[in-house]
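Single-structure report; data block below.
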Amino acid sequence: MLSSTRIAALAATLSLATTAAIAGAADYTFEPVTPEMKKGDDVILTVRLTNKQTGKPVADAVIFKTRIDMAPDGMADMESPVAPLPSKEPGTYAFKTDLPMAGRYQVTLSAKVQGEPETVTAKVIVKATK
Ligand SMILES: [Cu+2]
């Protein structure tokens, strides 16, 4: 016979399994590795992709769209060139860009994560200083 504690534990396990099954793009987050850097040309900007449920970095994602602009400071049309660089650490993704003036830059990313059918999109804010 199952005790009520066992049943509660079983129910909790089942609901966890259900949550994992319906996991989606919202379970992933991009964060800047260095949220603040010196302005200039050929700046290396690195973001980390994390699975929020496990807290672990997510390697081998394919970032297929990247845009960097100054939208946070009202300059959405001030767009910077972006070139992907090889990753130095699993779960981090690096780009070469220009941050020509001090202020806040928005990095808009679209990525395909292994095993996740939905596209993961994110907006990351970084700050360039003088
Ligand atoms: Cu600007």
Side-chain angles (χ1 to χ4, degrees):
M1 200 182 119
L2 288 170
S3 69
S4 57
T5 317
R6 268 299 291 286
I7 292 167
L10 194 65
T13 309
L14 285 174
S15 83
L16 266 181
T18 311
T19 309
I22 57 158
D27 293 324
Y28 299 91
T29 182
F30 277 101
E31 293 159 319
V33 171
T34 312
E36 209 173 293
M37 62 207 84
K38 254 179 118 63
K39 73 171 176 125
D41 288 344
D42 296 337
V43 169
I44 295 172
L45 198 155
T46 309
V47 292
R48 179 180 287 111
L49 176 61
T50 308
N51 181 325
K52 287 194 268 183
Q53 292 204 333
T54 63
K56 289 185 178 151
V58 179
D60 302 322
V62 178
I63 299 179
F64 63 91
K65 218 164 86 188
T66 316
R67 181 189 159 94
I68 299 179
D69 60 45
M70 286 197 78
D73 279 354
M75 289 172 270
D77 54 2
M78 194 174 153
E79 191 181 350
S80 294
V82 197
L85 293 172
S87 172
K88 282 191 179 158
E89 194 190 313
T92 68
Y93 302 87
F95 304 92
K96 191 163 86 172
T97 189
D98 297 338
L99 305 178
M101 62 182 277
R104 287 172 299 163
Y105 290 78
Q106 176 169 272
V107 186
T108 308
L109 303 145
S110 299
K112 281 288 175 196
V113 174
Q114 307 287 327
E116 171 53 60
E118 291 177 19
T119 295
V120 175
T121 58
K123 290 185 194 298
V124 173
I125 309 282
V126 295
K127 196 177 165 193
T129 57
K130 280 180 187 169

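Whatever order the structure lists ligands and atoms in, that order sets their numbers, starting from 1.
Distances shorter than 2.8 Å separate the Cu ion (ligand 1) from the protein N/O/S atoms M70 SD, M75 SD, M78 SD, M101 SD.
Two residues are said to be in side-chain contact when any heavy atoms from C-beta on lie closer than 4.5 Å; Y28 and T50 fail this criterion. The side-chain heavy atoms of S80 and P100, taken from C-beta on, include a pair separated by under 4.5 Å.
Under the side-chain contact (heavy atoms from CB on, under 4.5 Å) rule, F30 has a single partner from V120, T108, V107, which is V120.
A donor-acceptor pair shorter than 3.5 Å can be found between the side chains of K112 and T119.
Hydrophobic cluster membership differs between Y93 and V33, with clusters built from Ile, Leu, Val, Met, Phe, Trp and Tyr side chains linked at under 4.5 angstrom. Linking ILVMFWY side-chain heavy atoms closer than 4.5 Å, directly or via other members, places V82 and M101 in a single hydrophobic cluster.
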